[in-house]
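Reviewing the structure listed below.
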Amino acid sequence: GGVLAATRGARIGLADNWLRHVQDVRLRHRQRLNHLPQAELEDVLCEMNVLEQVGNVALSNVMQDAWARGQKIQVHGLIYGLSDGLLKDLHMHLGGKDDVTAIYRAAIAAIAAAPR
């Protein structure tokens, strides 16, 4: 419901602060999203938001410092489908600071090109 509100610019209360990030994702990727039908837009926006948040975690000081110390930590992008109950791998698996940009771009491109 929150992503639906974000796609429509609706205000829903306290969650609006969290949804601001979803709206930012939509604006950042509007060329990939604006032509999609509403139902597909919601699914793709959810997936893109997961990828953005995986990137945010990977770029955080905590993760960057852990990787700099040589810790073997990975961050994965997965999403749960409410319509089918399946866990979907978004193919964004980050295991070091040098992975973030290239893997993020590939994952975003894959979502945009995926048949629905």
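The structure presented is a predicted model; accordingly, all values stated were derived computationally and were not measured.
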*asked:* As an exercise, state the distance from CG of Leu94 to CD1 of Ile73, rounded to the nearest 0.5 Å.
replied: 12.0 Å

*For the residue pair Trp67 and Val75, what are the closest heavy atoms and their distance?*
CZ2-CG2, 4.4 Å

*Kindly give the heavy-atom pair with the smallest separation between Glu47 and Leu90, and that separation in Å.*
O-CD1, 3.6 Å

*First locate atom CG of Leu36, then atom CG of Leu45, and finally report the distance between them rounded to the nearest 0.5 Å.*
10.0 Å

_Ignoring hydrogens, what is the shortest heavy-atom contact between Met92 and Val54? Give both atom names and the distance._
CE-CG1, 3.9 Å

*Strictly by modelled atom types, are Arg26 and Gln23 linked by a side-chain donor-acceptor pair under 3.5 Å?*
no

*Would you say His21 and Asn56 make side-chain contact, with heavy atoms under 4.5 Å?*
no

*Do you know which two heavy atoms are closest between Gly77 and Val50, and how far apart they sit?*
CA-CG1, 4.1 Å

*Report yes if the side chains of Ile103 and His93 come closer than 4.5 Å at any heavy-atom pair, otherwise no.*
no

*Look up atom CD in Gln74 and atom CG in Asp99, then write down how far apart they are to the nearest 0.5 Å.*
8.0 Å

*Is atom CZ of Arg105 surrounded by more than 12 heavy atoms (other residues, nucleotides or ligands) closer than 6.0 Å?*
no

_For the student: nearest non-hydrogen atoms of Val44 and Leu33, plus distance_ = CG1-CD2, 3.4 Å

*State plainly whether the residues Asp24 and Arg20 are in salt-bridge range, i.e. N to O under 4.0 Å.*
yes

*Return the minimal non-hydrogen interatomic distance between Val57 and Met63, and the atom names on each side.*
O-CG, 3.1 Å

*Within a reach of under 6.0 Å around CZ of Arg69, are more than 12 heavy atoms found that belong to other residues, nucleotides or ligands?*
yes

*Roughly how far, to the nearest 0.5 Å, is CG of Leu27 from CG of Asn34?*
9.0 Å

*Distance-only polar pair, side chains of His29 and Glu52, donor-acceptor under 3.5 Å*: yes

_Can you confirm whether Gln31 is buried at CD, in the sense that more than 12 heavy atoms of other residues, nucleotides or ligands lie under 6.0 Å from that atom?_
no

*asked:* Assess, by modelled atom type and distance only, whether the side chains of Gln64 and Asn61 contain a donor and an acceptor separated by less than 3.5 Å.
replied: no

*Does Leu59 share a hydrophobic cluster with Ile108, counting links as ILVMFWY side-chain heavy atoms below 4.5 Å and allowing steps through other members?*
yes

_Could you measure the distance from the CZ atom of Arg28 to the CG atom of Asn49? Nearest 0.5 Å is fine._
9.5 Å

